[in-house]
Amino acid sequence: MIRVRFAPSPTGDLHVGGARTALFNWLYARHLGGTFILRIEDTDGARNTEEAARGILKGLRWLGLDWDEGPDVGGDYGPYFQSQRKSIYAAYFAKLEAAGRVYTEDNGAVRFKFSRTSITVHDLVCGDVTFAPTEEPDMTIRRPDGSYIFHFVNVVDDIEMRMTHVFRGEDHLSNTWKHIDLFNALGATPPTYAHIPLILNPDGTKMSKRDEGSAIEKSYMHEGFLPEAVFNYLAMLGWTPRTEGEKLSSEALVSLFDPAEIHSSNARFDMHKCQWFNAQYLRELSPEALLAAARPFLDKAGLSITNDAIAAAAVFSVKEKVSHLTEIPAWVHYFFREDYSYENDVVTKLKAKPENTTLLNAAASALATLIDWTEVSIQTAIEEAAKIASVKAGALMPLLRFALSGQARGPGVTTIAHLIGQSSTLRRIERTVLML
RNA sequence: GACCCCUUCGUCUAACGGUUAGGACACAUCCCUUUCACGGAUGCGAUACGAGUUCGAUUCUCGUAGGGGUCGCCA
């Protein structure tokens, strides 16, 4: 039974790099039917916040990365906050003391005495990496105030929590020999490591907070991405299953996952591709599901929904025009309000030709007589009105689009008319004619 | 500076040592079309450089260059 963990430090928002690390851990656990553990590494009281910890849990849940042991769910190896595990660290520290592997500095800080031997990391991704003894100073593991430092608590917890594998960012590779040294000194067997490549900015620099696309909550949850899309994109960054397409469900990714296939080179983040995945997933949603996903964004734009069926049809009618949910309000606002404004150049165009008024009135007359208000009947009425006026339907459609939506682009004119209803359609045409 | 990892189209990537070096995103053009899109078609575009091994190297080895990482009383 394999046990893996994601061990974030709550110093800020969940970062894409961290999210992907969590994702690979999760995929591995689910693939093998193992256990995925979430451990919060909050030993730095000065920089950790409860808010950040909550945000990380929120982000992981949003992505669908559920943990089997950890905060909120418990487990047999808790507590899962390092700040609550001080007595455990003290016990392990005593072991090192007994083994004569620590010494105290003048100010009270304690260092771990390296073995100064050659140490090889057997890494699932990087292969065998051997580190020769260095001149590096011994590693501090306890502060003068008695609190313990990352390298030490990380190793102790991995021993205590029975971790079998450690998937983490490649930025830890260079320190891994120190961790193995510590495992050895504590008489424990090190886990199997898998150091996954880092995610870089498009320009190749290290991606950090503030960079575009780096924060899960701010860049994805708030920007109208679907979790499945982000999940899929992140999984494919640095790993490629041998399949034809790239759009794969989390179930498919779980069954295909193989850590040996993870690349050892860094990957650059590509927001375009991530958006493409999002657009793919967006188009698959049913009208109801799309409305549910878009609702918070419609609310935020001040569009009040009075009829769910119509609202669902409205958002559904523009789903192929957007790649994020945040784009939807601008495409559908006129479905929800009668006082929509007209795009500037639209008005100019309408006024340019006096006959436009005549054409709109002709269309209104034809539409006013309809008993059945269906897309087909609307289409027929418009075509007939055009025929009588000796113009092509293609010339009349844009005028109606402007009148009904105030915009030059959007769903089919008949779809708009059908959704807003006959009375609103006639009212909107009249309103437009009066303005000209 | 020392040590570690990495290097195929702009980006993500595929290619038992033998392929016209393939696909996806992006971009461009065309088709479809009442608009914008979607979709379809086509195009653009890469093995960092130099040696070596080999009949043959994107693939194996070494070197160079470039990128990234680590060397905290941060995690």
Side-chain angles (χ1 to χ4, degrees), chain A residues 7-12 18 40-44 46-48 82 105 107-111 121 123 125-127 129-137 139-151 153-154 168-178 195 197-207 233 236-247 263-277 279-280 283 317-323 331 346 379 382-383 386 392-402 405 407-416:
Chain A
S9 174
T11 54
I40 305 297
E41 307 215 330
D42 56 348
T43 55
D44 184 357
R47 306 203 313 166
N48 301 145
Q82 288 185 329
E105 300 272 273
N107 67 1
V110 180
R111 284 179 190 270
V121 179
D123 196 280
V125 174
C126 305
V129 182
T130 300
F131 293 85
T134 71
E135 306 284 305
E136 249 182 75
M139 168 169 72
T140 306
I141 59 172
R142 196 175 75 173
R143 302 184 182 92
D145 69 2
S147 62
Y148 296 92
I149 284 158
F150 165 74
H151 300 290
V153 296
N154 185 270
R168 51 164 38 160
E170 197 215 80
D171 48 340
H172 288 293
L173 182 59
S174 296
N175 282 326
T176 302
W177 66 270
K178 301 174 190 174
H195 286 92
L198 269 22
I199 298 178
L200 270 27
N201 284 315
D203 67 359
T205 56
K206 186 183 183 180
M207 188 182 239
Y233 175 68
M236 306 298 270
L237 205 53
W239 170 58
T240 314
R242 295 194 178 87
T243 53
E244 304 162 21
E246 295 180 78
K247 184 167 165 294
H263 298 175
S264 43
S265 57
N266 292 338
R268 297 187 189 204
F269 182 81
D270 183 0
M271 184 54 95
H272 274 298
K273 185 102 182 218
C274 189
Q275 287 175 342
W276 176 79
F277 272 106
Q280 299 303 307
R283 281 172 208 143
S317 74
V318 301
K319 74 176 195 304
E320 278 159 358
K321 305 174 190 309
V322 303
S323 63
W331 283 92
V346 169
Q379 176 76 28
I382 294 172
E383 281 170 4
K392 290 179 183 173
L396 187 47
M397 289 294 186
L399 299 180
L400 285 168
R401 172 187 304 291
F402 295 154
S405 71
Q407 301 193 338
R409 56 183 66 167
V413 170
T414 53
T415 301
I416 299 174

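Hydrogens, waters and symmetry mates are skipped; everything else that's a heavy atom, side chains included, is used. Protein chains get the first letters and strands the later ones, always in sequence-line order, with residue 1 at the start of each.
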Protein-nucleic acid N or O pairs under 3.5 Å, nucleotides 58-66 of chain B:
none

Using side-chain hydrogen bond (donor to acceptor under 3.5 Å, both in side chains) as the criterion, list what pairs up with A/Arg47, not counting sequence neighbours.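 Here the qualifying residues are A/Asp44.
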Applying side-chain hydrogen bond (donor to acceptor under 3.5 Å, both in side chains), name anything that partners A/Asn48, two or more places apart in sequence or on another chain.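 Once residues adjacent in sequence are excluded, the partners of A/Asn48 under the side-chain hydrogen bond (donor to acceptor under 3.5 Å, both in side chains) criterion are A/Ser9.
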Watson-Crick or G-U wobble partner of [N], both distances under 3.5 Å:
N	value
B/rG18	B/rC55
B/rU34	none
B/rA65	B/rU7
B/rG43	B/rC27
B/rC71	B/rG1

Reckon [X] touches a base, only the sugar-phosphate, or nothing at all at heavy-atom distances under 4.0 Å?
X	value
A/Arg111	sugar-phosphate
A/Phe131	sugar-phosphate
A/Thr11	nothing
A/Lys206	sugar-phosphate
A/Lys178	sugar-phosphate
A/Ser264	sugar-phosphate

Of the listed nucleotides ([options]), which one gets closest to any side-chain atom of [X]?
X	options	answer
A/Arg268	B/rC71, B/rU11, B/rG68	B/rU11
A/Thr205	B/rA37, B/rG68, B/rG69	B/rG68
A/Asp171	B/rC12, B/rG69, B/rC5	B/rG69
A/Ser265	B/rC38, B/rC6, B/rG72	B/rC6
A/Ser9	B/rA75, B/rU35, B/rC38	B/rA75

Sequence-aligned protein contact record of nucleotides 23-34 of chain B, with B where the base is within under 4.0 Å of a protein heavy atom and S where only the sugar-phosphate is: -BSS-------B
Do the side chain of A/Ser174 and the base of B/rG69 come within less than 3.5 angstrom through a donor-acceptor pair of N or O atoms?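 Per atom types, the contact qualifies.
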For B/rC31, does the glycosidic angle fall within 90° of 0 (syn) or outside that (anti)?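 Judged by the O4'-C1' to base torsion, B/rC31 sits in anti, the angle falling more than 90° away from 0.
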Check side-chain contact (heavy atoms from CB on, under 4.5 Å) between [X] and all other residues, then give those that pass, not counting sequence neighbours.
X	answer
A/Glu105	A/Tyr103, A/Asn107, A/Ala109, A/Arg111
A/Glu41	A/Ala7, A/Arg39, A/Gln82, A/Phe150, A/Asn154
A/Asn175	A/His151, A/Lys178, A/His179
A/Thr240	A/His263

Please figure out whether A/Thr130 or A/Ile149 has its closest RNA chain B nucleotide nearer the 5' end.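 The residue mapped nearer the 5' terminus is A/Thr130.
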Map A/Leu198 and A/Glu105 onto RNA chain B by nearest heavy atom, then report which one ends up closer to the 5' terminus.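 Counting from the 5' end, the first nearest nucleotide belongs to A/Leu198.
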Counterpart residues, salt bridge (Lys or Arg N to Asp or Glu O under 4.0 Å), relative to A/Arg143 (two or more places apart):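 With sequence neighbours excluded, A/Arg143 shows a salt bridge (Lys or Arg N to Asp or Glu O under 4.0 Å) to no residue whatsoever.
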List in chain and number order the residues that pass salt bridge (Lys or Arg N to Asp or Glu O under 4.0 Å) with A/Lys392, two or more places apart in sequence or in another chain; answer none if no residue qualifies.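 With sequence neighbours excluded, A/Lys392 shows a salt bridge (Lys or Arg N to Asp or Glu O under 4.0 Å) to no residue whatsoever.
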For nucleotides 42-45 of chain B, print each protein N/O atom paired with a nucleotide N/O atom at under 3.5 Å, atom names and distance only.
none

Taking the side chain as every heavy atom from C-beta outward, state whether A/Asn266 and A/Glu170 have any pair of such atoms under 4.5 Å apart.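 Side chain of A/Asn266 against side chain of A/Glu170, heavy atoms only: contact under 4.5 Å found.
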Non-hydrogen atoms of A/Met207 and A/Ile199 that approach each other most closely: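 Looks like CB-O, 3.4 Å.
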What integer number of Å spans the C1' atoms of B/rG43 and B/rG23?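 The same atom, C1', in both gives a distance of 16 Å.
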Looking at A/Asn175, I'd like to know whether one of its side-chain N or O atoms comes within less than 4.0 Å of OP1 or OP2 on B/rC71.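 Answer is yes, contact under 4.0 Å.
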If the cut-off is 4.0 Å, is A/His263 near the phosphate of B/rG68, judged by side-chain N/O to OP1 or OP2?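 So the side-chain polar atoms of A/His263 never come under 4.0 Å of the phosphate oxygens OP1 or OP2 of B/rG68.
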Please identify which of these residues, A/Leu173, A/Val125, A/Val129, A/Asp171, meets the side chain to side chain contact (heavy atoms under 4.5 Å, CB included) condition with A/His195.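 In the set A/Leu173, A/Val125, A/Val129, A/Asp171, the residue that makes a side chain to side chain contact (heavy atoms under 4.5 Å, CB included) with A/His195 is A/Leu173.
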Distance-only, no hydrogens or angles: does the A/Arg401 side chain make a donor-acceptor pair with backbone N or O of A/Pro411 under 3.5 Å?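 Yes: the side chain of A/Arg401 pairs with the backbone of A/Pro411.
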Which whole-number value in Å describes the distance from A/Leu173 CG to B/rC3 P?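 Whole-Å distance recorded here is 15 Å.
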State which residues pass ring-ring contact (aromatic ring centres under 6.0 Å, His included) with A/Tyr233; sequence neighbours excluded, sorted by chain then number.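 Result, ring-ring contact (aromatic ring centres under 6.0 Å, His included) vs A/Tyr233: A/Phe269.
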